[in-house]
Number of protein chains: 2
Amino acid sequence: MVKNRDADIFLSILDSAKKRFCRYGLKKTTMTEIAGDIGLSKASLYYYFPNKEGLFKEVVSQGHKTLLNEFEGLLSSSVPAEEILQGYLEKRLNYFREFVHLNALNLESINSLKPVYARLFENFRKAEIRLVGEILAKGIATQDFQNLDIAYFSELFIAIFQGLRHDVIIKKDTINITETEYSLLQKQYESALNMFMKGIKK
Amino acid sequence: MVKNRDADIFLSILDSAKKRFCRYGLKKTTMTEIAGDIGLSKASLYYYFPNKEGLFKEVVSQGHKTLLNEFEGLLSSSVPAEEILQGYLEKRLNYFREFVHLNALNLESINSLKPVYARLFENFRKAEIRLVGEILAKGIATQDFQNLDIAYFSELFIAIFQGLRHDVIIKKDTINITETEYSLLQKQYESALNMFMKGIKK
């Protein structure tokens, strides 16, 4: 356990790094800028994070953890499975919007960045699939959903909505998403969920 | 109109280029290899195609043209709209498999390659959306489908299935798709179409 002052600095670094990575992406953010944001010397910053990649991974991990905790909260609520899926998609969309540069990186990772970050994104993806599986199981148990192949339909669910998100990024020259594009994505999410529900409900 | 011999050479170049691009991708294919495949000097090859990018664009354009012609054929047939959509997806999936490196490039294009090839892929995407729109219009006219917002549902349709394809590429270290992955994608296509149909049918 780090001392209090250390912990404060640690959190400040993560906070500044998150803002910069989300706004400018990994490549365009420098360690000097992050140190500058919180009045830290570059040497001190490197004491906490020996390199930018490690810091970036920590930011992404924290984001994933926060989101997964929110999802767990949804799952433990007593509302019907369909509403949980809806809640999950809302939170997922907000997260996408907040962390859009990180999602873009996920796409870029098919080339050069893959080896470094692939596991991080892959683990999160697996956690999401598992979570959706639990929601589907809940709906099957309450007889709202058909008796589905849970593994298959969880992956299909994640793939469809991930696909819709990527579609927004691929069409763009820059990573900044406009209100119009975001609204369209939101509407597509609703339509796709509606179709998915018709496909799996009893 | 080029002379017969010229036209023959032109087609041989396209054929060799397509094979190499599809197998090894744009970056790992050289003009020297393509010239070698058909016993042409490098100077002669450059007479037909001044650079590799131009040759690549021609290969992709030809692929798009062939596929769009096949789609048009489907559209002019007398089968119900649902079957046309199904036929479209089958052809689209075959094309994806044949040209998988080119699809991967489409993904990579969010970075460096974007300015050069963006228009090519964007035009094809628009052509596909237009085509799906015509199929939906056909289904509405025969009262098989609800009275839909055609522009919106065509784009949603394309986005969902493109998303499923990209999902296969993103999960991979290399671009070679295994039989198992391809079968899963095929199954996902069927499920997603099934859900889509439930969402739009009368």
Side-chain angles (χ1 to χ4, degrees), chain A residues 25 27 101 103-115 117-119 121-122 125-126 129 148-149 151-175 181 183-185 187-201, chain B residues 25 27 101 103-115 117-119 121-122 125-126 129 148-149 151-175 181 183-185 187-201:
Chain A
K27 282 180 200 161
H101 273 98
N103 286 286
L105 182 77
N106 191 359
L107 269 184
E108 287 174 26
S109 69
I110 38 164
N111 325 326
S112 51
L113 291 162
K114 184 126 197 164
Y117 305 109
R119 189 169 303 167
F121 288 112
E122 187 52 27
R125 185 188 162 81
K126 278 185 188 150
I129 293 177
L148 305 159
D149 175 343
Y152 173 74
F153 278 92
S154 311
E155 188 164 351
L156 179 65
F157 185 89
I158 294 296
I160 286 175
F161 292 96
Q162 179 171 272
L164 291 176
R165 291 194 302 273
H166 286 172
D167 199 50
V168 175
I169 301 173
I170 286 167
K171 280 189 291 185
K172 303 282 298 178
D173 281 321
T174 70
I175 292 168
E181 287 164 331
S183 300
L184 175 63
L185 181 59
K187 204 177 154 194
Q188 288 183 333
Y189 258 47
E190 281 165 30
S191 304
L193 177 61
N194 181 30
M195 289 168 171
F196 195 88
M197 290 314 302
K198 282 187 179 159
I200 68 169
K201 265 205 232 172
Chain B
K27 282 180 199 161
H101 273 97
N103 286 286
L105 181 77
N106 192 0
L107 270 184
E108 288 175 24
S109 71
I110 37 162
N111 325 325
S112 51
L113 291 163
K114 184 127 195 163
Y117 304 109
R119 189 169 304 166
F121 288 112
E122 187 51 28
R125 184 188 162 82
K126 280 186 188 150
I129 292 177
L148 306 158
D149 176 344
Y152 173 74
F153 278 92
S154 311
E155 190 163 347
L156 179 66
F157 185 90
I158 294 296
I160 287 175
F161 292 95
Q162 180 171 273
L164 292 175
R165 291 194 302 273
H166 286 173
D167 200 51
V168 176
I169 301 174
I170 285 166
K171 281 189 291 187
K172 302 282 295 177
D173 282 322
T174 70
I175 293 171
E181 287 163 331
S183 299
L184 175 63
L185 181 59
K187 203 177 156 196
Q188 288 183 334
Y189 257 47
E190 280 165 30
S191 304
L193 177 62
N194 181 30
M195 288 169 171
F196 195 88
M197 289 314 303
K198 281 187 180 161
I200 68 168
K201 265 206 229 171

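First the proteins, then the strands, lettered A, B, ... as listed; each starts at 1.
- The distance from atom CZ of A/Phe196 to atom CG of B/Asn194, rounded to the nearest 0.5 Å, is 11.0 Å.
- Distance check, rounded to the nearest 0.5 Å: NZ of B/Lys187 to CD of A/Glu155 gives 10.5 Å.
- For B/Phe153, the part lying near chain A is the side chain, with the backbone staying farther off; criterion is any non-hydrogen pair under 4.5 Å.
- When side chains are defined from C-beta on, B/Met195 counts as touching A/Ile200, because their heavy atoms get closer than 4.5 Å.
- Only the side chain of A/Tyr152 has a heavy atom closer than 4.5 Å to any heavy atom of chain B.
- Using a 4.5 Å heavy-atom cutoff, the side chains of A/Leu156 and B/Leu164 are in contact.
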